Amino acid sequence: MVLGETRLAVRRHRKVVVVLAVSIALALSGLGIESASASTRSRLAVSLNSDRSSAARLDGSRVKGKIYVFVRNSKKLDKVDFYIDSPQWRKKPPVRTDKKAPFDLAGTASDGTARPYNTAKLADGTHTIRAVMTRSDGTTYTRRGRFKVHNGGAKPAPTPTPTATTTVSPTSAPTATAPTTAPTTTAPATTDPTKTAVPAPPTTTTAPPSTSAPTATATPPKTCTNGNTIKEGGLASYSEAGGGEYLIHNNNWNDNAGGNTVITACNYNNWYLISNTPNHSDMSVQTYPNVHRDYNNVALTTIKSARFAATGPRCTGCVYNIAFDIWLGSGLSHELMIWTDNWGQRPSGEVVDTVTIGGHEYQVWRSGSGDGGVISYLSTTPQTSGDMPLSEFFKDVQNRGWKVTTTWQVDYGVEIVDTNGKPERFDFNNFAITD
C-alpha cells in the first residue's frame, strides 16, 4: 500500500504503503562507500524510530515521511558535515554540522533521541546524503547514502474512466475512474503513499508477523479450474447482474525485484494467484493483484459493506498483507486501507489509535495529517472471510478529519513484498460489494 505506501499513491500501493517497506517499512541495501579505508567504520544509517532502533543502511533504502538519519560507529569522530543532493558539496555549506555523536542529520533532542527529518521536503525519486566525517586526528573521509523517497509525488497518472469492460488502470497506482491529471506517490498511493509526512512509530507498536490462527472461513473456498490466465500487467473483467462491473487486475506496479505473479481467474469472486517474488534488500511492495470495482465519485453513503474471503500462505521468509484499498474523493489524496491479514508487513505512518469496528479490533495507522494522506486499519487478528462494514470505516476517517464524501474505487487484494523466492499461492473468493 509496510515499513508502508502510502500512498496518495502510497503504495505502493501501497505503500503501503508501504506503505510505503520492510516489516518496518525501511529498505535495506549495501552502503555506497567512497573510502575503502573506512569500510568497516562509520556509515550512514536510517531508522523509523527516534531512539534509532531497528536501523538499516541508508544507502539503497526506500523511505517516506519522517525518518531518522544518523552515523553509526561514530565514536572516533569529532564532527560530521551533512550535505543533501549537493554534487558541488566542496563549494557549498552543509545543511547541518553536528559535533556530537551519534551525529543526527536533523539534530539531537535534549533527551538524547534523534530529531526527525521530513522527507516531504524532497521530491519523490532518488536523493543522496553525503556525510563528511572528521576524525579526532583531523583527517576526513566521506560516506554517502543514495535512497529513494516515495511520498506520492511521482506516481503514474491514472487511466481515464474506461469505455469498455476491458479497460483498467493500475490500483497501486489506483484504477479506472481516477482523474486524468497526473497525481503527485506508494502516498499519493501507495502506497502516501504517503506520501505525506510519515511519523515514526515507537518500536513497541510495530506490527509483527501474524502467527495466530486465522478466523474460520464462512464458506469453503471454491476450486477454480480451467480459468483465464492473467499475466503481469494484464487484466480481465467480469460483469455482474444489474450492470455493475468488477475487474481483476494483475497490478505489478513496482516489480523491481524480478519476480513473477500469474493469476488464474474463473470469475471475479473465484480466482487465485501464484507469486514467485525473490527476497530483495529494499523490502518494498512489488505487486498488488486485486479485484476491484470502479465508481464515478459515488456518495459514500451508498456503499454499505463488502463480502470477502481470502487466504495466504504461512511461509518462512514471506512478507505480504491482504487488504482493502479504497480511494476516496475525486483525486489521489485520500487512501483508506483495511488490512484483513498481515504476514510480516507494516503500514506506513504511525499508530495513532486502536478501534473496534464490526466486532474486530484494529490498529489505526496514519500517514499524513488533516484532510488527506493514508489511513490504514490493521486487524489485530487475521480475518480470512466475512462482511466488512465499509460504511463504518468511512465514518471513522471522516471523524479523523477527512472531508471526503465520495469514492471512485474499492479494491481487495494482496500487497506482496516477498515470497522468499519460492512460488506461493493466494486464494480469493466470495467477494462482492453491497451498495
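Residues take their numbers from the sequence shown, with the count starting at 1. Keep in mind that the numbers below use all heavy atoms, side chains included, and drop hydrogens, waters and symmetry copies. Predicted model only: the values in this text are computed from it and were never measured.
When side chains are defined from C-beta on, Asp418 does not count as touching Pro278, because their heavy atoms never get closer than 4.5 Å. Proximity of Arg314 to Trp343: side-chain heavy atoms (C-beta onward) are separated by under 4.5 Å at one or more points. Residues Leu77 and Val71 meet the side-chain proximity criterion, which asks for heavy atoms closer than 4.5 Å. Side-chain contact between Leu328 and Leu300 is present, with at least one heavy-atom pair separated by less than 4.5 Å. With a 4.5 Å cut-off on side-chain heavy atoms, Val417 and Gln345 count as touching. Considering only heavy atoms from C-beta on, Asp255 comes within 4.5 Å of Glu232 through its side chain. Side-chain contact between Phe324 and Trp339 is absent, with no heavy atoms from C-beta onward closer than 4.5 Å. Between Leu336 and Trp402 the shortest side-chain heavy-atom distance falls below 4.5 Å.
Looking only at distances, no side-chain donor or acceptor of Thr126 sits under 3.5 Å from a matching main-chain atom of Lys148. The backbone N or O of Glu361 sits less than 3.5 Å from a side-chain atom of Thr380, completing a donor-acceptor pair. Of the possible donor and acceptor atoms, none in the side chain of Asp396 sits under 3.5 Å from a partner among the backbone N and O of Glu392. Proximity of a side-chain donor or acceptor of Thr113 to a complementary backbone N or O of Asp51 within less than 3.5 Å is not detected. Between the side chain of Ser86 and the backbone N or O of Tyr83, no donor-acceptor pair lies under 3.5 Å.
For the residue pair Pro382 and Asp341, the shortest heavy atom distance occurs at CB-OD1, 3.6 Å. Nearest heavy atom pair, residue Ser376 against residue Pro347, reads CB-CB, 3.9 Å. Pairing each heavy atom of Val319 with each of Gly344, the nearest pair is CG1-O, 3.5 Å. Between Pro94 and Phe82 the shortest heavy-atom distance is CB-O, 3.2 Å. Across all non-hydrogen atoms, the minimal contact from Tyr272 to Asp427 is CB-OD1, 3.4 Å. Between Ala265 and Ile230, the shortest heavy-atom distance links the atoms CB-CD1, 4.0 Å.
The ring of Phe308 has its center closer than 6.0 angstrom to the ring center of Tyr412.
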*Start with the C-alpha gap between Trp271 and Phe428, add the side-chain angles, then the distance that decides, and say whether ring-ring contact (aromatic ring centres under 6.0 Å, His included) holds.*
CA-CA 5 Å; Trp271 56 283; Phe428 291 82; 4.4 Å; yes
*Take Arg293 and Asp435 through the test salt bridge (Lys or Arg N to Asp or Glu O under 4.0 Å) and record every step on the way to the result.*
CA-CA 11 Å; Arg293 187 172 181 180; Asp435 53 12; 3.2 Å; yes
_Chi angles and distances behind the side-chain contact (heavy atoms from CB on, under 4.5 Å) call for Asn342, Ser379_ = CA-CA 8 Å; Asn342 180 37; Ser379 181; over 6 Å; no
*Can you check side-chain contact (heavy atoms from CB on, under 4.5 Å) on His249 and His292, steps first, answer last?*
CA-CA 8 Å; His249 187 194; His292 66 266; 4.0 Å; yes
_Working for ring-ring contact (aromatic ring centres under 6.0 Å, His included), residues Phe393 and Tyr362_ = CA-CA 11 Å; Phe393 289 91; Tyr362 297 86; 5.3 Å; yes
*Please assess Val414 against Leu273 for the test side-chain contact (heavy atoms from CB on, under 4.5 Å), listing each intermediate value before the final yes or no.*
CA-CA 10 Å; Val414 54; Leu273 64 95; 3.9 Å; yes
*How far apart are the C-alpha atoms of Trp327 and Val410, what are their side-chain angles, what is the distance that settles it, and do they pass the side-chain contact (heavy atoms from CB on, under 4.5 Å) test?*
CA-CA 7 Å; Trp327 297 88; Val410 176; over 6 Å; no
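Note that OH of Tyr295 and CD1 of Ile326 are 9.5 Å apart. Values are rounded to the nearest 0.5 Å. Atom CD1 in Ile322 sits 9.0 Å away from atom OG1 in Thr384 (nearest 0.5 Å). Annotation: the span from Met388 atom CE to Phe431 atom CZ amounts to 10.5 Å, rounded to 0.5 Å. The OG1 atom of Thr381 sits 9.5 Å away from atom CG of Leu378, with the distance rounded to the nearest 0.5 Å. In this structure, the separation between CG on Asn252 and OG1 on Thr287 is 5.0 Å, given to the nearest 0.5 Å. Atoms CG and CZ, on Asp85 and Arg146 in that order, are 10.5 Å from each other to the nearest 0.5 Å.
Ionic pairing of Arg400 and Asp371 is not present here: no N-O contact between side-chain nitrogen and carboxylate oxygen is shorter than 4.0 angstrom. Salt-bridge check for Asp81 with Arg96: failed, with every basic side-chain N at 4.0 Å or more from each acidic carboxylate O. Ion pairing between a basic and an acidic side chain is recognised when a charged N comes within 4.0 Å of a carboxylate O; Arg366 and Asp353 show no such pairing.
Looking at Ile338, Val352, Val364 one by one, the single match for side-chain contact (heavy atoms from CB on, under 4.5 Å) with Ile375 turns out to be Val364. Each of Arg52, Arg115, Lys99 was compared with Asp104 under the salt bridge (charged side-chain N to carboxylate O under 4.0 Å, His left out) criterion, and only Arg52 meets it. Checking Val69, Val63, Thr128, Val46 one by one against Phe147, the side-chain contact (heavy atoms from CB on, under 4.5 Å) holds for a single residue, Val63. Shown are Thr261, Thr277, Asn276; of these, the side-chain contact (heavy atoms from CB on, under 4.5 Å) with Pro423 is made only by Asn276. Here the rule is side-chain contact (heavy atoms from CB on, under 4.5 Å) with Lys79, and of Asp98, Val132, Thr97, Thr140 only Thr97 fits it.
No side-chain donor-acceptor contact under 3.5 Å links Thr354 and Gln363. Side-chain contact of Gln286 with Ser284: a donor-acceptor pair under 3.5 Å is present, judged by distance alone. For Asn254 and Tyr288, the side-chain atoms include no donor-acceptor pair closer than 3.5 Å. Side-chain contact, Gln409 with Asp294: a donor N or O sits under 3.5 Å from an acceptor N or O.
With sequence neighbours left out, Lys422 forms a salt bridge (charged side-chain N to carboxylate O under 4.0 Å, His left out) with no residue at all.
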